[in-house]
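All remarks here apply to the structure that follows.
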Amino acid sequence: MISFKELGLVNTRKMFESALERKFAVPGYNINNLEQLQAIIIGCGESQSPVIIQISQGARAYANQTMLRYLGQGGVEMAKELGFNIPIALHLDHGNSFDLCKSCIDSGFSSVMFDGSHLPYEENIKITTQVVEYARERDVSVEGELGILAGIEEHVKSEEHHYTDPEQVEDFVTRTGLKELWSNSNCAGSLAIAIGTSHGAYKFKVEKEEDIPELRFDILEDVRKRLGNFPIVLHGSSSVLKKYVDMINQNGGALEKAFGIPEEQLRKATQFGVSKINIDTDGRLVVTAMVRKYLAEHPNHFDPRQYLGPARQELIEMIKRKNKVVLGSAGQAKYIN
Ligand code: G3H
Ligand code: 13P
Ligand code: ZN
């Protein structure tokens, strides 16, 4: 058993306090491999942004859970070596059981999500409560979820949006202990809500960008009013940048009608008090676009460093830009101590 504190990681408490006070969102960037981690450390280090490194169950299965934990630790050491003074949290994304959350807490994660959004309400409350109780003793933050996002949410597929019901949020955060965790502990409770975002590259069934609907800011506002000063999380918040979709398609790919959440809407969400924004798909698109382009232009190259190097560099640029113009997290690390 190892605590995140021994690894140089921090939990999300101070990041969220600062995010709520200063109206920005902390980025939750997903990793599956070394290059993604390096890009996140350099991108967030250079833009002086706090960061939550996210590991999904899929990532654990792909890269080996122990390896990923050491990668997280390696990220902290790399940041130190490069002179970046930024808070780094290691977070389980979409944990689907108490045992998985416990195993991550015991192996050095500083934050876990229990995603019981697809479960019956009482069952979601029961398991989230168990996770909160275990995490609290160890100063580990917990993210719960209410409302199902359309698209693919780990093992859950939903054709339609099931928006968060604002009438349930107070009951949920109170009975699970998430509220108490936020108001009276050394770690953080937070809540992911569904307001029209979804996972993956196909977020809307529309023909063109102009037809993308607005997020349900009315629900967000209502939830904010009911929860007060409490961290709210948005999943499925990639913008599916046209530049990279086009680059993929121009180099042998076939992504059609791929649309994401417009950046202005995410920016607006940060002004409504969203404290964490999850981004995975945009990073995947950047890497795929750059690798496809590089290999199309250099058919005789075969060293992974040749094509992964430029992909990593572009990912760094994307992260810096997002932190600055979308999340508002750039430059905020110095206010968090
Ligand atoms: O929320 C889901 C993340 O994008 C992780 O996706 O399960 O394919 O690793 P994954
Ligand atoms: P995207 O698929 O929009 O990047 O969402 C990622 C996410 O929510 C990870 O939990
Ligand atoms: Zn998610």
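We number each residue from 1, following the sequence as shown. Ligands are counted one by one from 1 in listed order, and the atoms in each one are counted from 1 as well.
- The heavy atom nearest to atom 1 (P) of ligand 2, out of those in Thr281, Asp93, Val240, Thr197, is found in Thr281.
- The local environment of CD in Glu256 is sparse, with at most 12 non-hydrogen atoms from other residues, nucleotides or ligands closer than 6.0 Å.
- Using cut-offs of 30° and 60° on the angle between ring planes, the pair His94 and His199 is perpendicular.
- Criterion: ILVMFWY side-chain heavy atoms under 4.5 Å apart, direct or through other members. Under it, Ile55 and Val131 are part of a common hydrophobic cluster.
- At a heavy-atom cutoff of 4.0 Å, ligand 2 is contacted by no atom of Ile261, backbone or side chain.
- Geometrically, ligand 2 and Ser238 share a nitrogen or oxygen pair separated by less than 3.5 Å.
- Look at Asp211 and Lys208 and you find a salt bridge, because one of the NZ, NE, NH1 or NH2 atoms lies within 4.0 Å of a carboxylate O, short of that distance.
- Contacts with ligand 1 closer than 4.0 Å are made by side-chain heavy atoms of Asn30 only, the backbone lying farther away.
- Residue His199 has at least one heavy-atom neighbour below 4.0 Å for each of these atoms of ligand 1: 1 (O), 2 (C).
- Taking the charged nitrogens against the carboxylate oxygens, Arg224 and Glu221 have no contact shorter than 4.0 Å, which rules out a salt bridge.
- For CD of Glu81, the number of neighbouring non-hydrogen atoms (other residues, nucleotides, ligands) closer than 6.0 Å is 12 at most.
- A salt bridge is absent between Lys179 and Glu170: the closest approach of a Lys/Arg side-chain nitrogen to an acidic carboxylate oxygen does not fall below 4.0 angstrom.
- For His235, the N, O or S atom with the smallest separation from the Zn ion (ligand 3) is ND1.
- Among the atoms of Gly236, some N or O lies under 3.5 angstrom from an N or O of ligand 2.
- Every residue two or more places apart in sequence or in another chain that forms a salt bridge (charged side-chain N to carboxylate O under 4.0 Å, His left out) with Arg321 is listed here: Glu263.
- Ligand 1 lies nowhere less than 4.0 angstrom from a heavy atom belonging to Arg60.
- In the candidate list His91, His199, Lys203, Lys203 is nearest to atom 3 (O) of ligand 2, counting heavy atoms.
- Less than 4.0 angstrom separates some heavy atom of His94 from each of these atoms of ligand 1: 1 (O), 2 (C).
- Here the Zn ion (ligand 3) is the vertex; the NE2 atom in His94 and the NE2 atom in His199 give an angle of 100° (to 10°).
- Qualifying side chain to side chain donor-acceptor pair (under 3.5 Å) partners for Asn124, counting only residues two or more places apart in sequence or in other chains: Thr128.
- Between His235 and ligand 1, a contact under 3.5 Å exists for no N or O pair.
- No part of Ala201 comes within 4.0 Å of ligand 2, judged by heavy-atom distances.
- Residues Glu209 and Lys242 are not paired through a salt bridge, judged by the lack of any N-O separation under 4.0 Å between the basic side chain and the carboxylate.
- In the vicinity of Ile279, heavy-atom distances shorter than 4.0 Å reach the ligand 2 atoms 4 (O).
- Counting atoms of ligand 1 from 1 in the listed order, those under 4.0 Å from a heavy atom of Ser56 are 5 (C), 7 (O), 9 (O), 10 (P).
- Residue Asp280 places at least one N or O, backbone or side chain, under 3.5 Å from an N or O of ligand 1.
- At a heavy-atom cutoff of 4.0 Å, ligand 1 is contacted by the side chain of Asp93 but not by its backbone.
- Met247 pairs in a side-chain contact (heavy atoms from CB on, under 4.5 Å) with only one of the listed residues (Val245, Asn251, Asn249), which is Asn251.
- Under 4.0 angstrom from ligand 1, the non-hydrogen atoms of Arg284 all belong to its side chain.
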